[in-house]
Each structure stands twice: as C-alpha cells, then as structure tokens.
Amino acid sequence: MRYDLVIFDNDGVLVDSEPISNRLLAGYLTELGHPTSYEDSLRDYMGGAMHRVHDLVLERTARRLPSDFDDVFHGRVFAAFERELEPVPGAVDVLEKLAADGVAYCVASSGSHERIRTGHRTAGLDRWFDDERIFSSQDVGRGKPAPDLFLHAAARMGVAPERCVVVEDSPLGVRAAVAAGMDVYGFTAMTPAEKLDGATRLFGDMGELADLLRG
C-alpha cells in the first residue's frame with residue numbers, strides 16, 4: 001500500500017447521499033424564496049458544510065435563512081435516508097480489503113456527526129466505523145475547502161499528512177486535501193473530471209480503489 005492512512009469523504013463516496021440531499025436542499029431553498037435548482041445545489045454546496053449554505057444565501061440576497069433551517073433540513077434528509085439511502089457501489093468491497101490488509105482508514109466529512117452516523121447506520125456501513133474513525137467539520141473551526149478537517153483527522157490517527165490519501169468527489173474537498181499537503185483521488189461518478197482539477201488521480205468505479213491504492 002502506497003499510503004499509511006486512507007481518508008474518505010462520506011457523502012457521494014461512501015454513501016450515495018448527494019442526489020438525495022441536494023434535491024432536498026434545492027427544494028427547501030426554493031420553498032423559502034431562494035430559487036435553486038438541483039444543478040445549482042450541486043455546483044454551489046456539494047462537499048461544503050452547512051455554514052456555506054447560510055453564507056452564500058446571505059451574501060447573494062442579504063437575507064438570513066431561518067434559525068431552524070438546519071434542523072428542518074436535516075429532518076427531511078434523515079427521513080429520506082431511511083427510505084432511500086444505499087452505500088456507494090463498491091464501497092463495502094474497498095472497506096473489506098483495507099481492513100483485511102490492515103490499512104488504517106477513517107472518514108472526514110463536512111456533514112455533522114449525526115448525519116454521518118445516520119447515513120452509515122441506514123446504509124449498513126456503521127460496522128466499519130467506530131467513533132475513533134469519524135471526523136466532522138463540527139470538530140474544527142473551518143470546513144472544506146480549508147485543510148483543517150483533513151489535518152485534524154490525520155493528527156488524531158497519528159499519520160503525517162504526506163503519508164495520507166484523501167478520497168473525494170467534490171471540488172471543495174479536492175482543494176482542501178491539496179491544501180493539507182495530501183494526495184487526493186478524485187471520484188468521478190457524479191462529478192465531471194474537469195471539476196476535480198488538482199486531484200492526484202481520477203477514477204470512476206469505487207470497486208477499483210483498493211487496487212489503485214496498491215499501484
């Protein structure tokens with residue numbers, strides 16, 4: 001294995017949640033008088049923490065979102081997860097191979113701890129991630145594209161940044177990994193390759209990742 005630690009993004013990399021959450025985010029923002037298409041949501045918010053939604057809406061409209069925006073949105077998302085969420089095809093195979101090879105791995109997500117755990121439980125991935133392997137933007141002062149979250153995860157896992165690889169599917173996440181001094185493999189299942197500029201390597205099938213990391 002070329003790396004001592006594999007850091008996974010969560011949404012769109014481990015759990016197939018991006019279509020669900022961005023559909024609901026676009027709908028809720030539109031409902032509140034901020035017309036947003038699904039494509040707009042993917043472009044502006046995919047990979048970012050919730051504060052990015054608040055910041056961009058305020059910047060663009062000079063209006064703040066309701067104080068209960070996060071709670072209402074997450075309630076809708078978690079209900080949809082229970083009905084629809086599945087693991088990303090190939091994610092279970094990758095985790096099994098990393099565990100069998102004794103390679104350290106963790107997840108570092110812009111989502112809250114509650115969102116990460118809810119998604120893992122619903123998609124059947126919770127057995128792969130104990131509390132020591134889960135890191136959220138809630139743990140640091142700045143979310144992606146700042147490097148703070150990935151550096152925090154590496155420090156907690158006891159691995160130098162240059163010995164880490166990040167698996168990401170968003171432009172914000174790729175920028176964060178590069179800023180952290182880590183290699184980053186860009187997952188192109190949902191994101192066009194040209195939008196993941198700066199990635200060390202690009203791939204489109206999660207089932208191939210374990211072999212790519214050995215190469």
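Sequence positions, counted from 1, serve as the residue numbers for this chain. None of these values were measured; they are calculated from a predicted model.
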Do you know the tightest heavy-atom contact between [X] and [Y]?
X: L196; Y: P171; answer: CD2-N, 3.7 Å
X: A154; Y: M182; answer: CB-CE, 3.8 Å
X: T30; Y: A26; answer: OG1-O, 2.8 Å
X: V15; Y: A123; answer: CG1-CB, 3.8 Å
X: H51; Y: G143; answer: NE2-N, 3.8 Å

Quick check against the 3.5 Å criterion: does [X] have a side-chain atom that pairs as donor or acceptor with the backbone of [Y]?
X: S41; Y: L25; result: no
X: D130; Y: E132; result: yes
X: S137; Y: S110; result: yes

Just so I know, are the side chains of [X] and [Y] near enough to count as touching, which here means a heavy-atom distance under 4.5 Å?
X: D70; Y: H54; answer: yes
X: Y45; Y: L29; answer: yes
X: R2; Y: L213; answer: no
X: H34; Y: R63; answer: yes
X: E82; Y: R121; answer: yes
X: F8; Y: V94; answer: yes
X: L32; Y: Y28; answer: yes
X: R133; Y: V107; answer: no

Checklist entry - What's the verdict on side-chain contact (heavy atoms from CB on, under 4.5 Å) for H74 and M50, showing C-alpha distance, side-chain angles and the deciding distance? => result CA-CA 10 Å; H74 284 127; M50 286 303 295; 3.9 Å; yes
Item to check | Pairs flagged by salt bridge (charged side-chain N to carboxylate O under 4.0 Å, His left out) wherever residues 48-59 is involved - sequence neighbours left out | outcome: none
Checking side-chain polar atoms at under 3.5 Å, does [X] have a donor or acceptor matched by the opposite partner on [Y]?
X: D183; Y: Y3; result: yes
X: T191; Y: D169; result: no
X: R115; Y: S21; result: yes
X: N10; Y: S109; result: no
X: D139; Y: H113; result: yes

Item to check | Residue D205 excluded, over 12 heavy atoms near CG under 6.0 Å | outcome: yes
Next on the checklist: Please check if the number of heavy atoms outside R156 that lie under 6.0 Å from its CZ is greater than 12.
Outcome noted: no
Next on the checklist: Using the rule that Ile, Leu, Val, Met, Phe, Trp and Tyr join whenever any side-chain heavy atoms are under 4.5 Å apart, tell me whether Y185 and V166 fall into a single cluster.
Outcome noted: no
Item to check | Distance in Å, L125 CG paired with L14 CG, rounded so as to fall on 0.5 Å steps | outcome: 6.5 Å
Item to check | Spacing of CD1 belonging to I116 relative to CG belonging to D11, to within rounding of 0.5 Å | outcome: 8.0 Å
Item to check | Check ion pair E31-R76 (N to O, under 4.0 angstrom) | outcome: yes
Checklist entry - Charged N to carboxylate O below 4.0 Å: is that the case for D148 and R142? => result yes
Next on the checklist: Could you go through V178 and R175, starting from their C-alpha distance and side-chain angles, then the distance that decides it, and tell me whether this counts as side-chain contact (heavy atoms from CB on, under 4.5 Å)?
Outcome noted: CA-CA 5 Å; V178 170; R175 287 167 55 193; 5.9 Å; no
Checklist entry - Which of parallel (below 30°), tilted (30 to 60°) and perpendicular (above 60°) describes F73 and F69? => result parallel
Checklist entry - For the residue pair H120 and F129, does the interplanar ring angle fall in the parallel (under 30°), tilted (30 to 60°) or perpendicular (over 60°) class? => result tilted
Checklist entry - Run the salt bridge (charged side-chain N to carboxylate O under 4.0 Å, His left out) check on E18 and R23 step by step: do they pass? => result CA-CA 8 Å; E18 292 290 11; R23 182 186 77 232; over 6 Å; no
